[in-house]
Each structure stands twice: as C-alpha cells, then as structure tokens.
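See below for the structure under consideration.
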Amino acid sequence: MDRKRINDALDRHLRSERSSPSTSRAAKLSSNPPTKEQLDSDSEEENSASEGDDDTFWINWFCNLRGNEFFAEVDDDYIQDDFNMCGLSSQVPYYDHALDLILDLEPVQGDVFAEEQNELIVAAAETLYGLVHARYILTTKGLAAMLEKFKNCDFGRCPRVSCGGQPCLPVGQSDVPRSSTVKIYCPKCEDLYYPRSKHQANIDGAFFGTTFPHLFMMAHSHLKPQKPSQQYVLRIFGFKVHKKT
C-alpha cells in the first residue's frame, strides 16, 4: 500500500467528518468489507509476512507482520472499555468500522464499501490500534508485555560502541499522529537512534508516545544501566587532538 497516499486520504476524510454531522458508519458504497483472507493477501503483497490463517485474530495478525515487532498485543478488554478509547474517534476516520475490524466483529448489515474505501478502513484500523497501543503500554499489563520484548532485545541494541550492545526501547518524538517516525532510545547513553529495519523505521512514533521508555525505566529501575565510563578520544598519529583545534 502507498502509505503517503493513504495517510493523505485519511486526513482529508477526517477533515470532512469534522465539518459534517454525518458519521463514518453512514457511508455506503458498492462492495464488501475486507475479510481476513483479503487482509492476509494484502499483507503478502506488502511484505510477504502473513500466512493467511482463517483462525488468526486481527491483533495477532497485525503484531506478527514484518516490521511490527515493536508492538505488544493489546487485550480486547482494554479496547472494549470506552474510557480507554476516549478522544480517539475524533482522530481516526472510519472509527466504528476500524474498531470492529480490530475486535474481529461482524460488519453491520447493510454497510458496503468500495475497494479504495476498504483500504482506508484497514489503514484507519492500524492507526487506531497504534494510538490505543501508546496508551496500553503505559499500564501495568502493557509494561509487562514490553518488558519481555526488552529482555529479548526485540527493539534492537544501541549502535554506540561504548554502550556495548545495550538493549533499547521504542519512543516517539511527538504524541501527534504522522508527526515523526519511531526512534529507539538507549537508556545507557540516553540518546535516540533510527531503528535498523527500514520497515520499523516507517512506524508512526505516536504509536509509542513520548512517555513510554522513561516510565518503563522508572517502573523497572533495576534495569537502568550506568552511563558509559569510556569516551572516544580523537587522536592523530597517537597524539590527542586538542579541543580547540
């Protein structure tokens, strides 16, 4: 899928929703909502990571896509709690349909969409899940799920030599969707780096938020490493280069 084209289309639809009293559920076009088989097919075309299993739930399918290794699986109960979803309907177009897709609910009878609109609903579901995910990973369960990933180095290691392969954590530079892509934060040198995978480097940073790695380290203070004791020294023919040079 062309991410830029889809994001632009979602933005246009969201602006039109805000200026119109009608809701996304009122729109009816001329095709069927995407089935699991169609979602699996789209995934294979995009990254050859899906295996087309009819019994796979959407959240499990999404988190197992190539490039989505940073994501934890959000509990259905968390998503079904209206309090946890507060404010998201105004940020995500096709909100009701996207939510139904995430929760594997049957579409409302009579709702039919064109192929292009199906594509937008799938993209909206990914955005909605990402924004819910940013909230979920700040909870006790969410922190525990991310702890396992941290221990397995699923988020990658710091590329800085003096950090000695320190496991990193994902972080966003903004909480506003489509502002910046996700970065990895090293708790040892306390700096940000781009993920090594080009697939992960395209993930929206708002899906992890600006708070997560710092709250994670506060909750698991025993995992906080000491800052690097060594610093690279510039030398020419073995002699240190003066700082004023």
Side-chain angles (χ1 to χ4, degrees), residues 3-4 6-7 10-11 47 49 59 62-75 78-79 84-88 91-92 102 123-228 231:
R3 283 285 163 207
K4 187 176 186 307
I6 290 176
N7 285 338
L10 286 174
D11 285 338
N47 51 34
I59 293 176
F62 176 76
C63 292
N64 281 284
L65 288 177
R66 184 181 179 187
N68 285 358
E69 295 84 3
F70 285 6
F71 287 95
E73 292 192 18
V74 180
D75 290 342
Y78 184 86
I79 298 175
N84 299 326
M85 309 297 284
C86 181
L88 296 183
Q91 298 185 54
V92 181
I102 291 173
E126 294 178 2
T127 299
L128 179 58
Y129 184 81
L131 295 176
V132 174
H133 180 269
R135 298 178 177 187
Y136 178 73
I137 58 177
L138 303 181
T139 67
T140 302
K141 282 188 176 181
L143 287 170
M146 297 298 268
L147 174 61
E148 291 305 310
K149 288 181 170 289
F150 178 76
K151 289 179 177 179
N152 294 331
C153 296
D154 289 347
F155 308 125
R157 296 177 181 274
C158 181
R160 195 164 182 248
V161 174
S162 58
C163 286
Q166 168 65 40
C168 292
L169 292 162
V171 66
Q173 293 177 280
S174 173
D175 294 309
V176 179
R178 292 187 282 280
S179 295
S180 62
T181 56
V182 70
K183 307 300 186 296
I184 56 173
Y185 165 79
C186 174
K188 193 166 187 175
C189 64
E190 298 182 341
D191 210 344
L192 301 183
Y193 302 92
Y194 288 100
R196 295 187 64 180
S197 167
K198 64 179 182 180
H199 299 284
Q200 294 167 342
N202 289 326
I203 297 174
D204 198 320
F207 297 169
F208 299 88
T210 57
T211 299
F212 165 68
H214 317 301
L215 181 64
F216 180 92
M217 279 298 157
M218 288 180 64
H220 304 288
S221 56
H222 63 287
L223 296 176
K224 187 172 180 61
Q226 300 212 349
K227 291 187 177 182
Q231 188 172 4

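Keep in mind that what you see is a predicted model, and the values were worked out from it rather than measured. Start at 1 with the first residue, then count along the sequence.
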Original post:
Where is the tightest heavy-atom contact between Val176 and Ser179, given as atom of each residue plus distance?
Top reply: O-OG, 2.9 Å

Original post:
At what distance, to the nearest 0.5 angstrom, does CD of Gln200 lie from CZ of Phe70?
Top reply: 4.0 Å

**OP:** For residues Arg135 and Met85, report the shortest heavy-atom separation together with the two atoms involved.
**Re:** NH1-C, 3.7 Å

What donor-acceptor contacts under 3.5 angstrom involve side-chain atoms of residues 140-150, with partners at least two apart or in another chain?
| residue | atom | partner | partner atom | Å |
| --- | --- | --- | --- | --- |
| Lys141 | NZ | Asp75 | OD2 | 3.4 |
| Lys149 | NZ | Glu69 | O | 2.9 |
| Lys149 | NZ | Phe71 | O | 3.3 |

**OP:** Report the C-alpha distance between Tyr129 and Val132 in whole Å, list the side-chain angles of each, state the deciding distance to 0.1 Å, and finish with yes or no for side-chain contact (heavy atoms from CB on, under 4.5 Å).
**Re:** CA-CA 5 Å; Tyr129 184 81; Val132 174; 5.6 Å; no

Subject >> Test salt bridge (charged side-chain N to carboxylate O under 4.0 Å, His left out) applied to Glu73 - qualifying residues, sequence neighbours left out >> reply: none

**OP:** Check whether any side-chain heavy atom of Ile79 lies under 4.5 Å from a side-chain heavy atom of Asn84, and answer yes or no.
**Re:** no

**OP:** Please answer whether the main-chain N or O of Ala72 pairs with a side-chain N or O of His133 as donor and acceptor at a distance below 3.5 Å.
**Re:** yes

Subject >> Reported CG-to-CD1 distance for the pair Asn64 and Ile59, which is rounded to 0.5 angstrom >> reply: 12.0 Å

**OP:** Mind checking the CD-CG spacing from Glu126 to Asn68? Nearest 0.5 Å is all I need.
**Re:** 7.5 Å

Extract all donor-acceptor atom pairs below 3.5 Å that involve side chains of residues 203-216 and protein atoms in other chains or at least two apart in sequence.
| residue | atom | partner | partner atom | Å |
| --- | --- | --- | --- | --- |
| Asp204 | OD1 | Arg178 | N | 3.4 |
| Asp204 | OD1 | Ala206 | N | 2.9 |
| Asp204 | OD2 | Arg178 | N | 2.5 |
| Thr210 | OG1 | Asp175 | OD1 | 3.4 |
| Thr210 | OG1 | Asp175 | OD2 | 3.0 |

Original post:
Between Lys183 and Tyr193, is any pair of side-chain heavy atoms under 4.5 Å apart?
Top reply: no

**OP:** Compare every heavy atom of Lys224 with every heavy atom of Pro187, then report the nearest pair and how far apart it is.
**Re:** O-NZ, 4.0 Å

Original post:
Looking only at heavy atoms, what is the nearest atom pair of Val171 and Val182, with distance?
Top reply: O-CG2, 3.5 Å

**OP:** Please collect all ring-ring contact (aromatic ring centres under 6.0 Å, His included) contacts where either partner lies in residues 157-180, sequence neighbours excluded, each pair once.
**Re:** none

Identify all side-chain donor-acceptor contacts of residues 157-168 below 3.5 Å with residues at least two apart in sequence or on another chain.
| residue | atom | partner | partner atom | Å |
| --- | --- | --- | --- | --- |
| Arg157 | NH1 | Gly165 | O | 2.6 |
| Arg160 | NH1 | Ser162 | OG | 3.2 |

Original post:
How would you list, by chain and number, every residue that makes a side chain to side chain contact (heavy atoms under 4.5 Å, CB included) with Asn202, sequence neighbours excluded?
Top reply: none

